[in-house]
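Single-structure report; data block below.
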There are 2 protein chains.
Amino acid sequence: MPSISDVARHAGVALGTVSNVLNHPAKVAPATLEKVQKAIAELGFVRNSNAQQLAAGRSRSVGLVVIDISNSLFVDIARGAQRHAAELGMNVLVANSDNRIDQQRADLDFFDEARVSGILLAPMEDASEDVARIRRHGRPTVMLNYDTGRGDCCQVLVDNEEVGYLAARHLIDIGRTSLAFVGGRDYLQPVALRRRGVRRAVAEAGGRVTLEEVPTENLDPPGGLRAAEGLVAKVRGGRLDGVIAVTDLLAMAIIQVFGAQGVDVPGDVAVMGCDHNSAAWGGMIPLTSVQMQGLDMGREGLRLLLAEIAAGPVGHEHVTTVLRPELVVRESTVGRAAALTQL
Amino acid sequence: MPSISDVARHAGVALGTVSNVLNHPAKVAPATLEKVQKAIAELGFVRNSNAQQLAAGRSRSVGLVVIDISNSLFVDIARGAQRHAAELGMNVLVANSDNRIDQQRADLDFFDEARVSGILLAPMEDASEDVARIRRHGRPTVMLNYDTGRGDCCQVLVDNEEVGYLAARHLIDIGRTSLAFVGGRDYLQPVALRRRGVRRAVAEAGGRVTLEEVPTENLDPPGGLRAAEGLVAKVRGGRLDGVIAVTDLLAMAIIQVFGAQGVDVPGDVAVMGCDHNSAAWGGMIPLTSVQMQGLDMGREGLRLLLAEIAAGPVGHEHVTTVLRPELVVRESTVGRAAALTQL
DNA sequence: GTGAAAGCGCTAACAT
DNA sequence: ATGTTAGCGCTTTCAC
């Protein structure tokens with residue numbers, strides 16, 4: 001492939017002039033500029049960004065590491081970041097860790113080696129060691145959808161307590177009074193927070209509404225299947241008319257079991273999820289859930305990252321932006337007719 | 001950040017030795033190796049991949065450009081390619097063109113500038129000019145899910161005629177006899193091919209089954225809404241009991257209209273899509289569709305790409321791999337009870 | 001405004 | 001086995 005010096009020779013100018021045409025066209029005489037651009041076109045010159053970054057010492061790219069690209073939240077994050085980046089003439093490189101923590105480390109290291117100007121990280125678990133390493137190398141890193149609780153980097157979060165609150169509040173608003181919160185142990189941040197929000201909404205309702213908490217081993221469909229079996233009898237006995245599953249995947253599994261056992265959703269029991277995950281949209285009934293604002297999260301994350309890059313290591317104060325979640329009402333809580341009017 | 005020569009100084013060896021430790025450890029004496037690795041650890045050295053690529057003239061990364069990462073087919077493609085790449089110690093960089101053709105061009109150029117060793121492209125429309133440019137630069141490019149019809153590069157396709165055939169065949173198998181194929185004009189490859197497959201299945205059924213073809217302006221939900229309105233009367237009149245929508249999104253919109261008008265799906269009419277797109281899973285009823293084999297497509301694409309890279313510009317024969325689609329049966333054609341038994 | 005030259009951090013001969 | 005050195009393609013002073 002032709003290099004910048006081939007272009008220079010072809011155009012009959014010096015190598016440095018071609019570089020100026022590429023980077024500071026204002027500093028070049030119009031006639032020269034045209035000559036060089038013609039040469040570039042004729043030779044089909046394509047700048048080598050490796051050499052460019054090496055020489056310039058800076059990059060127009062930021063890296064985005066997501067733990068699972070098949071989760072629609074992370075897709076939305078990627079799209080939000082990319083759109084904003086495009087507006088700014090920057091580039092977002094996306095790496096998918098495919099739910100493997102070692103792959104996530106590899107992805108972070110890859111971006112570190114590539115000397116990207118900053119990294120957006122949307123992890124599932126604490127990744128503080130890896131992040132600390134990256135940041136020690138002087139590479140700004142913004143956490144997405146995960147609260148380190150240490151204020152040691154910028155973060156963009158959704159108010160997960162509000163997620164739980166909105167969910168419980170919705171069920172209460174549609175007249176449900178015997179609720180269950182189905183979710184794993186609290187070691188996962190969102191679970192603990194959503195649970196707290198659910199409790200708050202129930203508490204606000206006074207004694208009118210009861211809440212039962214149902215633990216599950218995992219947050220995936222199999223976990224939901226087991227949990228649901230215990231719930232069927234309660235629904236039949238009139239002791240349960242609303243279920244909040246901490247994830248959509250869990251909710252979907254629960255609905256599946258209910259359907260198989262002849263329990264009517266939402267007639268007998270309303271069921272909803274909490275993370276508006278399109279992977280869970282394949283269920284029997286469209287799921288009411290809570291929107292996690294992925295697009296905004298990506299966009300805001302990029303904004304914070306660029307601010308930190310611009311500020312440099314000193315003179316930067318870490319910021320945490322908390323996004324407001326939004327309820328998405330569909331059939332699994334209000335039935336088909338009511339859901340249609342929402343369209 | 002420390003460079004390779006910092007490491008050399010710190011370890012008391014020559015720069016080239018450090019390079020050998022990194023790239024050809026077998027050529028280094030055990031004692032020296034350990035000394036150098038210690039220095040690397042102490043200094044927190046991270047190799048600069050820009051410099052490495054520049055010097056070595058080759059890259060361990062390939063680029064994947066997808067037209068729309070929110071389409072689950074393309075997510076599957078990315079995951080398939082990445083998994084295979086990880087096994088081989090390679091890296092897949094994903095760029096999402098967000099349905100914009102100019103962004104797609106920008107993504108291709110970005111990878112061209114980054115001197116990746118090859119490119120996987122999953123486009124929506126003909127991108128031959130851009131691809132030709134990239135390939136002229138000596139960068140192998142494999143097309144995914146798009147048939148250029150020119151045999152000018154390797155391709156991985158799904159047999160879209162078979163997709164249509166499977167769809168029609170399924171409806172016929174469950175006893176439907178008055179079918180409609182709802183799809184846009186044939187300028188989109190998959191539409192034309194699926195239509196042909198549908199016709200073949202109907203023809204095979206002899207005179208028992210009728211087929212009506214319903215054109216739509218677009219393949220998105222609004223297009224489906226309009227098309228569906230004309231279909232309602234036919235269903236009521238008993239002149240239609242099976243609908244094949246060329247995309248899941250279209251199918252979902254049709255089901256929505258049917259639901260709103262009190263037409264029972266699948267009781268009165270079975271409806272199915274053709275591209276197993278999770279973005280369409282939010283509909284009233286889980287959709288029967290045809291699986292497009294995204295994971296296999298990504299994996300096979302990467303395999304072909306690496307083969308071409310290894311073979312070099314000469315001595316490479318372009319290959320087209322055609323994947324077999326698979327029917328995915330859910331409620332929209334067989335009803336809830338039958339769908340449950342499929343689980 | 002333009003040209004010459006010194007690196008950026010690394011790889012790969014080549015020499016020792 | 002280890003050290004030396006010439007680039008890879010580009011940016012960026014610094015003279016002209």
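What's counted below: heavy atoms across the whole structure, side chains too, no hydrogens, waters or symmetry copies.
Put simply, CG on Asn20(B) and CG on Leu15(B) are 10.0 Å apart, with the number rounded to the nearest 0.5 Å. Distance CG/Leu33(A) to NZ/Lys27(A): 13.5 Å, rounded to 0.5 Å. Note that the CD atom of Glu113(A) and the CD atom of Gln52(B) stand 7.5 Å from one another [nearest 0.5 Å].
Put simply, the side chain of Ser97(B) never gets that close to the backbone of Asn99(B): no donor and acceptor are under 3.5 Å apart. Using modelled atom types, no side-chain atom of Thr32(B) and backbone atom of Pro30(B) make a donor-acceptor pair closer than 3.5 Å. Counting only distance, with no hydrogens or angles, the side chain of Arg139(B) and the backbone of Ile119(B) share no donor-acceptor pair below 3.5 Å.
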Taking distance alone, no hydrogens or angles, what donor-acceptor pairs closer than 3.5 Å link side-chain atoms of residues 1-14 of chain A to residues at least two apart or in another chain?
from, atom 1, to, atom 2, distance (Å)
Ser3(A), OG, Ser5(A), N, 3.2
Ser3(A), OG, Ser5(A), OG, 3.1
Asp6(A), OD1, Arg9(A), NH2, 3.4
Asp6(A), OD2, Ser3(A), N, 2.8
His10(A), NE2, Glu42(A), OE1, 2.7

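Annotation: salt bridge (charged side-chain N to carboxylate O under 4.0 Å, His left out) contacts of Glu317(A) (sequence neighbours excluded): none. The salt bridge (charged side-chain N to carboxylate O under 4.0 Å, His left out) search around Arg115(B) returns none, not counting sequence neighbours. Every salt bridge (charged side-chain N to carboxylate O under 4.0 Å, His left out) that Asp98(A) has, sequence neighbours left out, goes to Arg100(A), Arg79(B), Arg83(B). Under the salt bridge (charged side-chain N to carboxylate O under 4.0 Å, His left out) criterion, Arg135(A) pairs with Glu308(A), sequence neighbours left out. Remark: His318(A) engages His316(A) in a ring-ring contact (aromatic ring centres under 6.0 Å, His included) (not counting sequence neighbours).
Ion pairing of Arg299(B) with Glu87(B) is present here, as a side-chain N (NZ or NE/NH1/NH2) and a carboxylate O approach within less than 4.0 Å.
Within the structure, salt bridge (Lys or Arg N to Asp or Glu O under 4.0 Å) contacts touching residues 117-130 of chain B (residues at least two apart or in different chains) are Arg105(B)-Asp130(B), Asp126(B)-Arg150(B), Asp130(B)-Arg133(B).
Taking the screw axis at each terminus of the helix from dG1(C)-dC16(D) to dT16(C)-dA1(D) from five consecutive base pairs, the angle between the two is 40° to within rounding of 10 degrees.
Using a 4.0 Å cutoff on non-hydrogen atoms, the parts of residues 33-58 of chain A near DNA chain C are Leu54(A), Ala55(A), ordered by number. Of the residues in residues 5-25 of chain A, those with a non-hydrogen atom less than 4.0 angstrom from any atom of DNA chain C are Val13(A), Ala14(A), Thr17(A).
Closest non-hydrogen pair, Asp76(B) versus Leu295(B), comes out as O-CD2, 3.3 Å.
Along DNA chain D, the stretch of nucleotides lying under 4.0 Å from any heavy atom of chain A spans, 5' to 3', dG9(D) to dT12(D). Put simply, chain A comes within 4.0 Å of DNA chain C, heavy atom to any atom, from dG1(C) to dG9(C), going 5' to 3'.
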